[in-house]
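Notes follow once the structure below has been shown.
Here, residue 1 is the first one in the sequence, and each next residue gets the next number.
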Amino acid sequence: MKPVKLTIFSIIFILCTSLTSKANAAKTNIEIGVNCSTLRNEDSKSEPGLCFGIHKDFYPIRSFNGYFGFGLNYARREIFLENITWPSNFFIQDSDIVYGNMKINIQHLNLPIKVGYHLFKSKTFSINVYSSYMLNIPFINDNSHKRKREIQLSHEERRTFDFDYTHADETSADIFFSAQVGFMVLFHKFGFGCRYEKAQGETDCSSSLVIRDEMDSIQMLFHIYF
């Protein structure tokens, strides 16, 4: 991402979240739940990871059931790659085959901009749908790999074998945008919701192997409004 675009996005976020409103025109929402992520182009498995956040929803027209909001989220994305191959050392031409598994662990801070609408709303019960566009900022990119076995190659085979992944030279996860769509069922101040997130760009998914892909996820969340 270009520094100018990131700076503009950050300024807009800070200004909007600092807005003051009348008591009935804005609501704060705390959410906590489970995040399940996968790689879009790789054969990966998801492992549950914690996610939580805080949001501020604004209702510009009280008689209208639409709203917009801003927030700050944390998401831990854990992804498992099974039975993959990589070189036994950094130089492919001098390597043998390593078979094993890898667990990817990337933790993000997220800045979403949300627009939603209450399909049904009463004093005690409501159903709403929303979509959001979000900036994902990684601050931890860690992984662990487990070797299952190693197979030696001949000199000729070392020049022709196609490894699934190769060693990375100190890569780090990139900042990327993602789009979300979700729903919430609320009873009084408590609710349950689900949302789907689709990445709008690739990121480095491993700090030890070259794995670049889009990370999509589904999140199940419990909400409290006050």
Side-chain angles (χ1 to χ4, degrees), residues 9-10 13-14 16-19 21 23 25-39 44-59 65-80 103-143 173 175-200 203 205 214-226:
F9 191 98
S10 301
F13 176 82
I14 293 171
C16 291
T17 53
S18 63
L19 291 174
S21 309
K27 292 183 179 180
T28 302
N29 165 26
I30 294 178
E31 61 183 31
I32 184 169
V34 177
N35 164 79
C36 295
S37 300
T38 57
L39 301 181
S44 60
K45 296 181 180 179
S46 176
E47 295 192 356
L50 175 67
C51 59
F52 58 85
I54 182 168
H55 296 253
K56 191 82 168 182
D57 297 336
F58 298 89
Y59 297 81
N65 288 332
Y67 64 94
F68 68 95
F70 307 90
L72 175 64
N73 297 340
Y74 162 87
R76 180 187 181 110
R77 308 173 191 272
E78 297 189 8
I79 300 172
F80 189 69
K103 183 177 181 180
I104 297 171
N105 170 23
I106 301 182
Q107 299 181 47
H108 288 91
L109 288 178
N110 308 318
L111 301 177
I113 298 176
K114 180 172 61 175
V115 176
Y117 185 80
H118 290 273
L119 295 176
F120 175 83
K121 187 176 183 181
S122 68
K123 293 182 178 180
T124 59
F125 178 77
S126 67
I127 299 174
N128 67 62
V129 295
Y130 63 90
S131 62
S132 59
Y133 200 65
M134 186 169 68
L135 179 67
N136 296 264
I137 306 173
F139 65 95
I140 292 179
N141 181 19
D142 192 15
N143 66 78
I175 293 173
F176 66 95
F177 284 100
S178 61
Q180 294 181 332
V181 60
F183 74 92
M184 256 186 283
V185 178
L186 296 169
F187 183 73
H188 290 288
K189 296 182 178 181
F190 304 96
F192 175 79
C194 178
R195 66 177 172 236
Y196 171 70
E197 178 182 333
K198 184 175 182 179
Q200 304 296 297
T203 187
C205 303
E214 293 94 351
M215 301 180 67
D216 302 327
S217 67
I218 295 177
Q219 299 176 359
M220 308 294 287
L221 298 159
F222 177 75
H223 303 268
I224 302 177
Y225 276 85
F226 59 93

Practice item. Check each of F139, F176, F177 against H108 using the ring pair (Phe, Tyr, Trp, His ring centres under 6.0 Å) test, and report the only one that passes. Key: F176

Review point. Are the side chain of S131 and the backbone N or O of V181 linked by a donor-acceptor pair below 3.5 Å?
Key: no

Review point. Counting N and O atoms only, with roles assigned by atom type, does the side chain of S44 sit under 3.5 Å from a partner on the main chain of L39, one being a donor and the other an acceptor?
Key: yes

Review point. What distance separates L72 CG from K56 NZ, expressed to the nearest 0.5 Å?
Key: 14.0 Å

Exercise for review: Give the ring-plane orientation class for Y59 versus Y67, where under 30° counts as parallel, over 60° as perpendicular and anything between as tilted.
Suggested key: tilted

Point to revise | For A173 against N141, the heavy-atom pair lying closest together | key: N-ND2, 3.5 Å

Check your understanding: Where do H223 and G193 come nearest, in terms of heavy atoms and distance?
Key -> CD2-N, 3.9 Å

Practice item. Answer whether the closest heavy-atom distance between the side chains of P138 and I175 falls below 4.5 Å. Key: yes

Study note, to complete from the structure: In this structure, CG of D57 is separated from NZ of K114 (nearest 0.5 Å) by 4.0 Å

Point to revise | Between Y130 and H55: side-chain donor-acceptor atoms closer than 3.5 Å | key: no

Practice item. Answer yes or no: is there a side-chain heavy-atom contact under 4.5 Å between L119 and N128? Key: no

Review point. Do NZ/NE/NH1/NH2 and the carboxylate oxygens of E78 and R76 come within less than 4.0 Å?
Key: yes

Review point. In Å, rounded to the nearest 0.5 Å, how long is the span from SG of C36 to OH of Y196?
Key: 13.5 Å

Review point. Taking all non-hydrogen atoms of both residues, which atom of K121 and which atom of S126 are closest, and how far apart?
Key: CA-CB, 3.9 Å

Check your understanding: Do I32 and L50 come close enough that some side-chain heavy atom pair is under 4.5 Å?
Key -> yes

Study note, to complete from the structure: Interatomic distance, OG1@T203 vs CD@E214, rounded to 0.5 Å, equals 10.0 Å

Practice item. Mind checking ring pair (Phe, Tyr, Trp, His ring centres under 6.0 Å) for F187 and listing every partner two or more places apart, or none if nothing turns up? Key: none

Review point. Parallel under 30°, tilted from 30 to 60°, perpendicular over 60°: which one fits the rings of F120 and F125?
Key: tilted

Study note, to complete from the structure: Of all heavy-atom pairs linking N136 and S178, the shortest is ND2-OG, 2.9 Å

Check your understanding: Could you go step by step and tell me if L221 and C51 meet the side chain to side chain contact (heavy atoms under 4.5 Å, CB included) rule?
Key -> CA-CA 8 Å; L221 298 159; C51 59; 3.7 Å; yes

Check your understanding: How many angstroms lie between atom CG of N143 and atom SG of C205, to the nearest 0.5 angstrom?
Key -> 10.5 Å

Review point. Does the N105 side chain pair with the main chain of D142, one donor and one acceptor, at a distance under 3.5 Å?
Key: no

Check your understanding: For K189, does the NZ atom have more than 12 heavy-atom neighbours from other residues, nucleotides or ligands under 6.0 Å away?
Key -> no

Study note, to complete from the structure: All heavy atoms of P112 vs all of N73, minimum pair found to be CG-ND2, 3.8 Å

Exercise for review: Grab the two heavy atoms, one from F222 and one from G191, that are nearest each other, plus how far apart they are.
Suggested key: CD1-O, 3.3 Å

Exercise for review: Please list, chain by chain and in numerical order, all residues satisfying ring pair (Phe, Tyr, Trp, His ring centres under 6.0 Å) with Y74, sequence neighbours excluded.
Suggested key: F52

Revision key, fill the gap. Between the CD1 atom in I127 and the OG atom in S122, the distance rounded to the nearest 0.5 Å is 9.5 Å

Point to revise | Check against side chain to side chain contact (heavy atoms under 4.5 Å, CB included), N29 and I224 | key: CA-CA 6 Å; N29 165 26; I224 302 177; 5.8 Å; no

